[in-house]
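If you're wondering where the values come from, they're calculated on a predicted model, not measured in any experiment. Only heavy atoms go into these numbers, but all of them, side chains included; no hydrogens, no water, no symmetry mates. To find a chain, count down the sequence lines: A is the first, B the second, and so on, and within it residues start at 1.
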Amino acid sequence: MSAILELQGVKKAFGAVVVADDQSWSLAPGEALGVIGPNGAGKTSMFNLVTGTLRADAGQIRLGGQDITGWSAAKRCRAGIARSFQVPQPFAHMTVFENAYVAATQGAGLSGRAAEALCLDVLDRTGLIAKANGQAGGLTLLERKRLELSRALCARPRVILLDEIAGGLTEHECQSLIQTIRDVHATGVSIVWIEHVVHALLAVVGRLMVIDFGRKIAEGEPQAIMQSREVREIYLGIEADG
Amino acid sequence: MSLSVTRRTRLSTAWLIVLVPIVLLLIAAPWWAGRADLRLMGEIALYMSLAVLWNLLAGYAGLVSVGQQAYVGFGGYLFFALTMLAGLHPYAALPLVVLAGFVISAPVAVLIFRLRGAYFAIGTWVVAEVFRLSFAQMASLGGGSGTSLSPDIVRSLAEGRDAREAVAWWLALGAGMLVIGTVVWLLRSRQGVALTAIRDNELAARSLGIDIWRTKFTVYVVVSGLTALIGALIFLQKLRISPDAAFSANDWTAFVIFIVVIGGIGTLEGPILGTLVFFALRETLADLGTLYLIALGVVAIVIMLFAPRGLWGFLRDRWGLELFPLSRRVSGLAKKEA
Amino acid sequence: QTPTIKVGHVSPRTGPLAGFAEADDYILQAITERFGAGIDNNGRSWQIEILSKDSQSNPNRAAEVASELILSDEVDIIVAASTPDTVNPVSDQAEINEVPCITTDCPWQPYFFGRGGNPAQGFASTYHFFWGLEDVIGAFLAMWDGSGVAKAVGGLFPNDADGNAWGDPQRGLPTPLAAAGYDLVDPGRYQPMTDDFSNYINAFKEAGCEIVTGNMIPPDFGTFWSQAAQQGFNPKIVTIGKALLFPSVIQGLGERGIGLSSEVWWSPSHPFSSSLTGASAGDLAGGYMQATGRPWTQPIGFKHALFEVVADVVARAEDLDDPEAIIAAIAATDMNTIVGPVNWAAGPVPNVTKTPLVAGQWQREGDGIDLKIIANATAPNIPTTGELMLLA
Amino acid sequence: MDWLNAILQGTLLGGLYALFAAGLSLIFGVMRLVNIAHGDLIVLSAYIALSFGVSLGLNPLVALLLVVPTMALIGYALQRLILNRTMGEDLLPPLLVTFGLSVILQNVLLMGYSADPQNLQAGAIETASVTLGPLAVGVMPVMVFVTAVVVIAALQWMFYRTALGRAFRATSDRQDVAQLMGLNRAHIFGLAMALSLAVTALAGVFLGIRTAFDPAAGGARLIFGFEAVIIGGLGNLWGTLAGGVILGVAQTIGAKIDPGYQILAGHIVFLIILALRPRGLFPRIDG
Amino acid sequence: MADAILSLQALNAHYGDFQALYGVNLTVNPGEVVAVIGANGAGKTTMLRSIAGLLRNAPEAIRWKGHLIGALRADQVAALGIALVPEGRLLFPSLSVEENLVIGGQLGRKGPWSLQRVYDLFPILKERRLQQSTSLSGGQQQMVAIGRALMANPDLVLMDEISLGLAPVIIRQIYEALPGIVGEGLTAVIVEQDIAKALSVSQRVYCLQEGRVSLEGQSQTVPRDDITRAYFGV
Ligand SMILES: Nc1ncnc2c1ncn2[C@@H]1O[C@H](COP(=O)(O)OP(=O)(O)OP(=O)(O)O)[C@@H](O)[C@H]1O
Ligand SMILES: Nc1ncnc2c1ncn2[C@@H]1O[C@H](COP(=O)(O)OP(=O)(O)OP(=O)(O)O)[C@@H](O)[C@H]1O
Ligand SMILES: [Mg+2]
Ligand SMILES: [Mg+2]
């Protein structure tokens with residue numbers, strides 16, 4: 001089966017800081033991929049490259065076999081790539097519902113009742129429905145993160161990119177988030193998830209990728225990766241022999 | 001699940017019902033209003049249109065332009081040129097003015113959309129100055145000192161002074177309704193939410209599939225074309241045009257901004273309410289001359305400091321009033337909570 | 001009960017052209033007193049009420065106040081004075097609203113052609129009396145011809161109604177100056193209230209101009225004149241229309257104001273007298289100086305004459321309630337005023353009649369300054385009072 | 001030769017524009033406050049100088065000693081009493097308040113001084129001239145230019161090298177967080193505006209000496225100021241000086257081609273630069 | 001309790017009509033680490049913002065070293081030696097990394113923290129010292145926010161979810177460093193979602209629930225069950 005999302009030799013640098021160093025990886029349809037790595041490794045930058053917020057210096061990005069490297073961010077979204085932002089970016093003066101509605105009408109291209117129904121359903125699933133008529137600017141940090149997730153889902157993506165949405169959750173909240181993402185996954189959406197709360201990640205993803213200095217340094221079965229010496233040293237900060 | 005999304009409220013339905021007789025009454029104005037009143041009402045309709053248009057740009061699309069006088073003046077000058085130099089009948093000239101407004105604003109948009117925020121605002125102002133200085137170079141339209149609409153053209157509008165004044169009013173009223181209708185239609189369309197989204201956060205808007213440039217471009221061009229039409233009607237009423245009057249930042253932008261701010265930016269009702277308040281102030285205070293303008297400045301500052309969302313914004317925050325059914329609310333939440 | 005006729009008056013009380021209206025209060029007060037006795041028309045005595053408004057030297061403002069006077073105050077006659085920026089918009093509003101209108105104090109070409117006038121047709125309800133550009137050219141040439149300075153002339157014309165008319169290749173200065181053997185250096189039209197004249201100065205220097213002429217508003221001349229000094233440009237004759245009419249402007253320039261020259265449309269030594277009061281030009285100027293303690297200015301005569309014409313028209317009109325009749329009375333005017341004869345049958349184009357013009361120079365007189373008439377070839381009946389002195 | 005003269009005169013004119021812009025640059029370029037009343041404040045300082053000149057018989061250049069502190073005080077009060085309440089992410093509130101302020105100022109001046117153009121008379125220095133080879137230049141314009149360079153150097157240093165400058169920048173970035181650092185935002189902004197208007201006082205007096213001014217003369221100066229700031233690039237005061245000079249030279253060269261294009265040429269050069277470099281020539285801060 | 005450095009007495013807080021805190025009582029003794037835990041929206045951030053002077057609506061409720069400070073502005077509170085690491089980092093975008101740190105110390109209070117020491121704690125920041133602060137990665141920004149607060153050499157530091165967005169290795173490093181930092185005379189209030197971590201570094205713990213204190217105790221001894229109850233209500 002061909003990959004839904006594929007990066008080939010993607011490079012990006014800001015002056016001397018290399019944020020993507022010859023990155024190549026692919027995502028199978030329906031797969032859930034986890035991404036970890038130290039702070040500043042280039043994880044968010046990788047998302048920016050995939051969604052078109054950043055332009056790659058070199059390399060190719062393909063969605064469903066189609067080269068999208070030169071596409072605008074908007075076009076990529078309409079083609080099926082949705083994301084959440086690590087630093088939430090709500091439309092502060094619109095209501096929560098309208099935030100979702102933007103994604104449903106623009107990203108998913110729906111209109112009228114269909115768009116409304118999708119938004120209501122997604123907000124219900126992400127637990128924001130009670131605030132649907134509230135201004136997005138008045139949400140707490142975590143509600144904003146949920147809004148990020150809701151909007152991404154309302155765009156009805158083929159691939160959804162999640163950037164640190166579990167940070168700052170209590171154990172209980174974390175469990176319900178994991179359940180939500182599993183449900184999304186179950187509907188056939190492919191997922192790439194960056195997260196420092198590793199246990200949440202491990203509960204969902206089938207494959208784990210480790211990034212450092214913009215380079216993919218390991219990739220594979222999650223448990224095995226977590227046990228690897230490199231990850232324990234550079235990421236968890238546990239002495240390999242300890 | 002009993003959740004649903006509605007736009008209509010009881011108030012908005014009631015409003016639409018009273019709107020019909022109001023419009024009929026306004027159409028009949030030449031039969032019940034005096035000469036000076038008709039002229040004033042025409043001016044109100046035109047200012048209201050400018051305010052609604054500017055609000056669409058700045059309040060909804062976040063394109064804070066301080067240079068819309070470019071299109072007011074352009075429309076006015078073009079109307080004079082088409083009628084006096086090209087010999088067109090005024091009625092034929094008006095639609096051409098709108099078209100020309102679309103055509104001229106497109107390249108301007110391409111240029112100034114490269115700018116953001118405050119830069120954009122200043123850019124629009126400079127463009128308006130370029131328009132002003134360019135028209136000041138046109139000797140056939142009176143150069144720097146301007147020209148008057150020749151009496152023959154005025155007479156060709158309609159037979160007799162009364163009929164002419166009625167026609168001028170209907171044109172102004174018609175333009176006002178065209179503007180409000182266009183804006184309501186645009187805001188209710190999918191472009192409507194997209195616009196507000198762009199204003200709030202471009203990065204997110206882009207990532208959710210909004211083609212920012214095209215959306216803004218459409219709005220800018222539509223607004224500019226309609227602004228040119230209003231400009232043509234303004235100078236049809238004034239009968240005289242000059243670069244300073246046509247491209248006056250004070251008259252066509254500052255006052256319009258005051259109106260929108262007083263009424264409430266980012267709502268459709270705000271500019272309409274604001275226009276009425278502005279003219280009420282003007283009619284009661286204008287005899288004070290200079291003091292009137294000072295008072296106007298003070299009112300604007302006070303509103304901005306104490307009710308930054310304007311009069312309508314204040315009412316809306318308090319009671320959630322909305323006359324035009326524009327925003328989408330989820331209803332049935334309380335039931336679900338309980 | 002005595003009927004009243006309302007006269008609207010528009011002039012630039014404030015703004016860059018405020019000098020033109022400096023004497024308004026004095027004239028209006030005297031006129032109001034004189035009109036207080038009423039004017040007889042067909043055996044009835046009429047009161048005249050004058051409503052005066054400020055155009056702020058701004059054509060748009062002028063149009064606005066004129067339309068207010070016409071629509072809200074419903075004046076029967078509207079009069080205006082001082083430069084095309086006030087005269088033209090007021091006349092245009094009067095023409096469209098079919099209100100009788102009399103104006104002055106603006107050369108007739110910018111008045112007539114600036115409003116798109118057609119010599120074959122004229123206007124319906126608007127009339128004007130003043131001199132024309134042919135007169136100013138004649139007066140300037142008469143002054144320069146005997147001076148013996150190089151015949152290279154620098155021209156300064158702004159992009160306003162006066163500037164465009166004065167600089168007009170056909171109707172303005174260029175053609176007659178060339179015909180008289182002068183080289184006119186005309187770099188083009190500047191925007192009024194500009195910050196910088198260095199390119200003019202440079203062009204004049206390069207061409208060796210010893211004469212500078214043009215039509216400017218006072219503040220622009222001030223800017224030009226100090227930059228000329230800074231950049232080492234010292235012409236021998238500077239004859240500028242409009243800007244150099246007023247003693248206040250010249251005094252503001254201090255030592256560098258002495259020797260500047262300009263057109264003279266009226267002075268205390270003009271041999272005319274008022275049809276209204278019988279006062280001579282010298283009496284009128286003297287009365288003003290005595291009442292205000294300020295030096296006389298040229299618009300005094302014309303402002304007075306404007307109301308002389310109004311009084312004459314009011315007296316002669318067949319039916320003061322009918323605008324058509326008032327217009328007919330204006331057209332039939334034939335009288336002598338304190339600025340000379342006014343007779344619209346004798347104009348160069350319809351609706352226009354001309355008054356005489358000479359040229360003068362600001363010279364020192366005792367502690368103060370005085371505008372001396374130094375060339376009168378264009379109107380020999382007006383005596384000269386001095387001789388041209390070249391600038392240092 | 002005459003091109004050289006045009007460039008020289010334009011450069012000197014640019015010095016005046018840079019002075020108009022320097023105070024603006026501080027407020028607009030760094031605090032993101034679009035001060036529409038800046039032009040009117042320039043004119044206000046010219047009128048203040050005029051009043052000092054008339055009442056105390058001072059040469060306007062001497063009156064600067066009084067005008068500068070007066071304007072600084074006005075700036076501090078203005079900011080603390082009014083503008084501080086509008087500072088924030090949104091561009092519009094301060095823009096509108098200063099719009100209102102501009103209308104008020106113009107009309108108050110109109111009431112106080114009428115629409116008649118005024119002029120500051122500085123005496124012989126106004127027409128004094130020095131010759132540079134084949135060119136003659138006025139002493140005043142040179143003085144203005146030198147003042148502009150000195151002022152801009154001082155502001156640039158203050159902004160990027162001193163604690164006060166850092167405080168200005170931090171406070172305009174995030175007011176509440178700046179408070180957490182122990183900065184009193186109301187005071188900091190007040191100081192910034194005081195500084196800006198002190199510079200404005202210089203600009204106003206030099207303007208009044210160079211040309212006539214009336215209560216409505218601010219608008220045209222304001223646009224030159226904004227253009228200079230934007231051409232130079234946000235947050236770069238040297239850029240602002242360059243912007244002023246580019247504008248001045250564009251105007252004199254435009255005027256050489258045809259005096260009707262003098263101001264137009266400046267605007268067009270501005271638009272061209274923005275089309276090519278939307279963030280100005282030397283941006284220092286991300287717009 | 002008389003020697004408490006900070007005490008809250010019946011602290012209320014409102015956002016418009018919405019009341020976020022209801023009569024919160026809390027004390028902090030010199031040199032201790034107090035952990036505040038609670039579900040999302042419980043009011044933890046609100047409490048810290050109140051102390052720091054950003055809300056200013058509790059003139060009688062907040063006492064610092066015996067003086068009422070609830071009516072002071074944030075800058076006045078900062079001058080008394082209270083620093084906040086705000087939720088969401090909130091760096092100054094137009095300042096470089098180093099300037100962000102320097103401005104943290106601009107009040108000039110004496111103490112152990114200096115630019116050099118912050119760089120020792122987070123070496124990556126030294127590498128990036130001239131970079132614009134908002135172009136840092138999320139985690140790097142969090143490091144600057146922490147460093148900026150420490151640069152003030154405060155007597156009390158309020159840390160709002162400082163581990164948010166940090167890689168495990170960094171979190172570990174910070175919490176390992178914390179006892180040492182506190183040992184130098186610093187007092188800390190930390191808000192932390194990771195309960196185990198919160199309990200391990202603190203002496204005492206408070207739990208907030210819907211704007212009220214639902215539990216207070218010694219970190220080492222408080223039973224897990226009580227905490228669960230305090231979190232979610234009984
Ligand atoms: N505009 C820029 N200029 C210079 N460096 C930049 C810029 N944007 C990002 N960087 C650097 O690129 C690196 C990668 O940043 P990125 O945000 O992708 O990290 P990350 O892996 O998401 O880290 P975190 O887990 O902390 O969020 C960081 O070192 C950051 O400082
Ligand atoms: N600016 C605001 N306007 C209105 N309500 C607010 C505002 N800030 C916070 N709130 C509300 O106050 C309550 C407490 O919020 P606070 O941010 O203090 O919670 P928290 O305990 O820090 O939560 P979290 O773990 O999500 O950070 C929440 O219900 C929140 O919705
Ligand atoms: Mg990241
Ligand atoms: Mg919080």
_Could you go through A:Glu233 and E:Val169, starting from their C-alpha distance and side-chain angles, then the distance that decides it, and tell me whether this counts as side-chain contact (heavy atoms from CB on, under 4.5 Å)?_
CA-CA 8 Å; A:Glu233 262 176 25; E:Val169 57; over 6 Å; no
*Determine whether more than 12 heavy atoms belonging to other residues, nucleotides or ligands lie under 6.0 Å from atom OH of E:Tyr119.*
yes
*Does E:Gly165 offer a backbone N or O that forms a donor-acceptor pair with the side chain of A:Asn39 under 3.5 Å?*
yes
*Min side-chain heavy-atom separation E:Pro168-A:Tyr235 under 4.5 Å*: yes
*asked:* Please check if the number of heavy atoms outside E:Gln203 that lie under 6.0 Å from its CD is greater than 12.
replied: yes
*What do the steps show when you test A:Val87 against E:Gln141 for side-chain contact (heavy atoms from CB on, under 4.5 Å), and what is the final call?*
CA-CA 11 Å; A:Val87 178; E:Gln141 291 188 27; 5.5 Å; no
_Which portion of E:Glu161 sits near chain A, non-hydrogen atoms under 4.5 angstrom_ = side chain
_Considering all heavy atoms, the nearest A:Leu236-E:Arg172 contact_ = O-NE, 3.2 Å
*Which bit of A:Ile194 comes within less than 4.5 Å of chain E, counting heavy atoms only: side chain, backbone, both or neither?*
neither
*Approximate separation, where rounding is to 0.5 Å, of E:Leu166 CG and A:Glu164 CD*: 8.5 Å
_Contact class of A:Leu142 relative to chain E, heavy atoms under 4.5 angstrom_ = side chain
*Could you grab the distance from atom NE2 of A:His196 to atom OG of E:Ser163, nearest 0.5 Å is fine?*
10.5 Å
_Ignoring hydrogens, what is the shortest heavy-atom contact between A:Gly37 and E:Ala167? Give both atom names and the distance._
O-CB, 4.3 Å
*Sort out for me which of A:Cys174, A:Gly168, A:Gly40 touches chain E most, counting heavy-atom pairs under 4.5 Å.*
A:Gly168
_E:Gln193 side, atom CD; A:Glu173 side, atom CD - distance, nearest 0.5 Å_ = 6.5 Å
*If you measure from CD on A:Glu143 to CG on E:Asn40, what distance do you get to the nearest 0.5 Å?*
8.0 Å
